[in-house]
Amino acid sequence: MKQAFHIITSTCVPLPLENIDTDQIIPARFMKATTRDEQFFGEHLFHDWRYLDDGRPNPNFVLNQSQYSGEILVAGKNFGSGSSREHAAWAIAGYGFRVVVSSYFADIHKNNELNNFVLPVVVSESFLQALFQCIQENPATQVEVNLPEQRISNLANGQSEHFDINAFKKHCLMNALDDIDFLMENQTKTELWEQEHKQHS
Amino acid sequence: MNTLFDKIWDAHVVQEVSDGPTQLYIDRLYCHEVTSPQAFEGLRQRGLRCFRPEKIFCMPDHNTPSMHQEQAIQDETSRRQVENLERNAREFGLPYFGLMHPQNGIIHVVGPENGLSLPGMSIVCGDSHTSTHGAMGAVAFGIGTSEVEMVLASQCILQMRPMTMRINIDGKLGKGVTAKDLALYLIAQLGTGGATGYFVEYAGEAVRDLSMEGRLTLCNLSIEMGARGGMIAPDEKTFAYIKDSAYAPKGEDWDKALAYWQTLKSDDDAVFDREISFDASLISPMITYGTNPGMGIAIDGKIPEIPEDETAAISYKKALAYMDLQAGESMIGKPVDYVFLGACTNGRIEDFRAFASIVKGRRKAEHVTAWLVPGSWKVREQIQQEGLDKILQEAGFEIRQPSCSACLAMNEDKIPAGKYAVSTSNRNFEGRQGPGARTMLASPYTAAAAAVYGRLSDPRTLL
């Protein structure tokens, strides 16, 4: 959903596993929907970890533990690897997360988050591990994500880091614009390019 | 001093957005039924049409059953999704290869074999294994559904330029060691995030020696080490593979295209952001023991010990618990319940030849359920023309119909919970082949050996 992003201050949901693939974020059998129903995908976010075989919530999974809540998901390195399914980003957004923090993201999933107005924030491994520690000690730990200043701050230990995002995407997020708006405005440039590049197509 | 990647990427730049992405022109978009519905829906909501419909090809492959495609799809949600793609293709005027169409099959098999994916092209699809098409000497990468919508609407995509990496494989692969083993070896060496942010070019003697089928397998698995894509410079093998295929340029157009394709290689002084080399002779048939494709070992090796790093150990123990395997133990002799030959990774004719060469004159183990699923109707036809179907039948196997099938279990081909499958597909993630399924990734040779013995075996003993 298009929504402008500026500053978010929130508690976090910790998921200290590495290489979380998009099959875990949303299993393939929930991809048969033909509409972009974020609420539906949100209900199935991390389905096979979140629910037991009989459909009851798995009490050992973090989304079912009431002490953890908030708009920020914190995950181990290489988050979103594997399948390109944007359904994973829809599930994350549909659940209510606005930010995912990790020490790095898989490329396709990172784009999918950005295209759904969820901000992937890449932090250093030491920032990440310290944040996990803080949340473990106190689930009420707050994090501030400041997009205009490109800064993430762990309000429990005072640690603060700059994060990267390209100026175009930052502008899109802050103004609730998407890439298609841009591409449609630039269609004459595309036509011109086609005229100049006929030989190889 | 340009790399192959630079040459093709630069030839498709419409404009650079200041301190932002590149607007890249796309020569070919493929759509399948799972990741495109919301993109078409987006076009309708915005009141847009496809900008260049003739450059876009649609075919269902993920949900399609691997048996009885001549009948209506039984599963209602699958059927609805396939019908939705057909309707969208018609509404937006796009070529469509539906069920039972002679050119239907898995997109990453169909595109290259029909001359739809050609050297020098920019190719995208809402599927991470689009990296496969890089074997043709193209820049091909997987995208999300919002990006599919961008390309449908504008034939362009906004992308950050990736870094470049060259992986050289020197020397020759040993007997019974395939492109699949090479790829699993590289992923085990680099990890599933080892090439994140990079576009990989594969080079070196062992890569040149691979058949086109083998090169497609190698590039297919690029995404499993996190790479944006993988590619191989086109050569005489590439040109022979394309020539006379359905959509390949013909006559004068062929000569013109060929002259251009022959320029598509990295310059001698090209500089890559990262360059690494491996010795092909050190690679054995590979098997995975864990829940990501980087958790692979030589088939005669032992499962690595639990890592000392605390965070890494949590994930590692979770993976072994899911697989019900122990650190330090050997994989040889492990019981196997299911064998799957197919997918965009190993669903081509060479893979069926390899499988048949092992099972010829032998019998499938009684307790093993085997699914042999060709990647396209064209592959299936060739299996019959070469008489491989007879060899396979005599050994107790049947050939099914083209589909992604058990690779991601969106159709009926699901591995039951707790069962072990030796699979020639690309992912061993938890639940990938069905909730609770335990996947071990391997080559068609290793899969065939497992099917015959009913347990994991070194395929080299059967060659």
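The chains referred to below are lettered A, B, ... by the order of the sequence lines, with proteins before strands, and numbering in each begins at 1. None of these values were measured; they are calculated from a predicted model.
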Inset, instruction - Verify whether one side chain among Glu137(A) and Gln133(A) offers a donor that lies under 3.5 Å from an acceptor in the other. - result: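 Yes, a side-chain donor-acceptor pair sits under 3.5 Å.
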
Name the region of [X], side chain, backbone, both or neither, that has any atom closer than 4.5 Å to a heavy atom of chain A.
X         : result
Val13(B)  : backbone
Arg427(B) : side chain
His12(B)  : both
Lys318(B) : side chain
Gln23(B)  : side chain
Glu149(B) : both
Leu118(B) : neither
Ala153(B) : both
Met160(B) : side chain
Val34(B)  : both
Phe51(B)  : side chain
Leu408(B) : both
Ala312(B) : both
Gln159(B) : side chain

Inset, instruction - Can you sort out the partners of Asp164(A) under salt bridge (Lys or Arg N to Asp or Glu O under 4.0 Å), two or more places apart, ordered by chain and number? - result: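 For Asp164(A) there are no salt bridge (Lys or Arg N to Asp or Glu O under 4.0 Å) partners, ignoring immediate neighbours.
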
Top of [options] for chain A proximity - count of heavy-atom pairs under 4.5 angstrom:
options                                    : answer
Gly226(B), Gly431(B), Gly197(B)            : Gly197(B)
Pro37(B), Ser146(B), Ala227(B)             : Ser146(B)
Ala409(B), Gly144(B), Gly294(B), Pro293(B) : Gly144(B)
Glu147(B), Met121(B), Lys414(B)            : Glu147(B)
Asn84(B), Val17(B), Thr130(B), Thr311(B)   : Thr311(B)

Inset, instruction - Any chance you could lay out the salt bridge (charged side-chain N to carboxylate O under 4.0 Å, His left out) test for Glu83(B) and Arg87(B), step after step, and finish with the verdict? - result: CA-CA 6 Å; Glu83(B) 287 170 355; Arg87(B) 212 166 34 244; 5.1 Å; no

Could you tell me whether [X] and [Y] make a salt bridge, using a distance below 4.0 angstrom between a side-chain N and a carboxylate O?
X         : Y         : answer
Lys32(A)  : Asp75(B)  : yes
Lys256(B) : Glu252(B) : no
Arg161(B) : Asp10(B)  : yes

Legend entry - Check: Gly142(B) main-chain N/O paired with Arg228(B) side-chain donor or acceptor under 3.5 Å: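 Checking the backbone N and O of Gly142(B) against the side chain of Arg228(B), a donor-acceptor pair under 3.5 Å is found.
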
Inset, instruction - Could you tell me whether the side chain of Asn58(A) and the main chain of Leu52(A) form a donor-acceptor pair under 3.5 Å? - result: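 Side chain of Asn58(A) to backbone of Leu52(A), a donor-acceptor pair under 3.5 Å: no, none is there.
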
Who wins among [options] for the most heavy-atom pairs under 4.5 Å with chain B?
options                                  : answer
Thr34(A), Asn115(A), Asn78(A)            : Thr34(A)
Gly76(A), Gly82(A), Pro27(A)             : Gly82(A)
Asn116(A), Asp178(A), Thr22(A), Asp53(A) : Asp178(A)
Thr190(A), Ile20(A), Asn112(A)           : Thr190(A)
Asn111(A), Asp48(A), Ile165(A)           : Asn111(A)
Trp90(A), Phe132(A), Trp49(A), Trp193(A) : Trp193(A)

Atom group of [X] that falls short of 4.5 Å from chain B, counting heavy atoms:
X         : result
Asn19(A)  : side chain
Lys189(A) : both
Gln24(A)  : side chain
Asp181(A) : both
His87(A)  : side chain
Met31(A)  : both
Pro16(A)  : backbone

Inset, instruction - Show your reasoning for whether ring pair (Phe, Tyr, Trp, His ring centres under 6.0 Å) applies to Tyr25(B) and His197(A). - result: CA-CA 10 Å; Tyr25(B) 192 84; His197(A) 292 77; 8.4 Å; no

Inset, instruction - Report, as yes or no, whether the 6.0 Å neighbourhood of atom NZ on Lys77(A) holds more than 12 heavy atoms from other residues, nucleotides or ligands. - result: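 No.
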
Inset, instruction - Any chance you could lay out the salt bridge (charged side-chain N to carboxylate O under 4.0 Å, His left out) test for Glu41(B) and Arg44(B), step after step, and finish with the verdict? - result: CA-CA 5 Å; Glu41(B) 189 55 33; Arg44(B) 274 190 285 268; 3.3 Å; yes

Inset, instruction - With the side chain counted from C-beta on, respond yes when Phe40(B) and Val148(B) share a heavy-atom pair under 4.5 Å apart, and no when they do not. - result: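 Side-chain contact under 4.5 Å: no.
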
Inset, instruction - Would you please test Phe46(A) and Tyr95(A) for ring pair (Phe, Tyr, Trp, His ring centres under 6.0 Å) and show each step? - result: CA-CA 10 Å; Phe46(A) 294 116; Tyr95(A) 184 84; 8.4 Å; no

List the atom of [X], the atom of [Y], and the distance in Å for their closest heavy-atom pair.
X         : Y         : answer
Leu73(A)  : Phe79(A)  : CD2-CZ, 4.0 Å
Glu33(B)  : Pro60(B)  : OE1-CA, 3.2 Å
Gly137(B) : Leu264(B) : O-CD1, 4.4 Å

N/O donor to acceptor pairs below 3.5 angstrom from side-chain atoms of residues 142-150 of chain A, sequence neighbours left out:
{"unit_1": "Asn146(A)", "atom_1": "OD1", "unit_2": "Glu149(A)", "atom_2": "N", "d": "2.9"}
{"unit_1": "Gln150(A)", "atom_1": "OE1", "unit_2": "Lys170(A)", "atom_2": "NZ", "d": "3.0"}
{"unit_1": "Gln150(A)", "atom_1": "NE2", "unit_2": "Phe163(A)", "atom_2": "O", "d": "2.9"}

Inset, instruction - Test His62(B) against Asp127(B) for side chain to side chain contact (heavy atoms under 4.5 Å, CB included), laying out the working first. - result: CA-CA 10 Å; His62(B) 281 58; Asp127(B) 193 293; 3.0 Å; yes

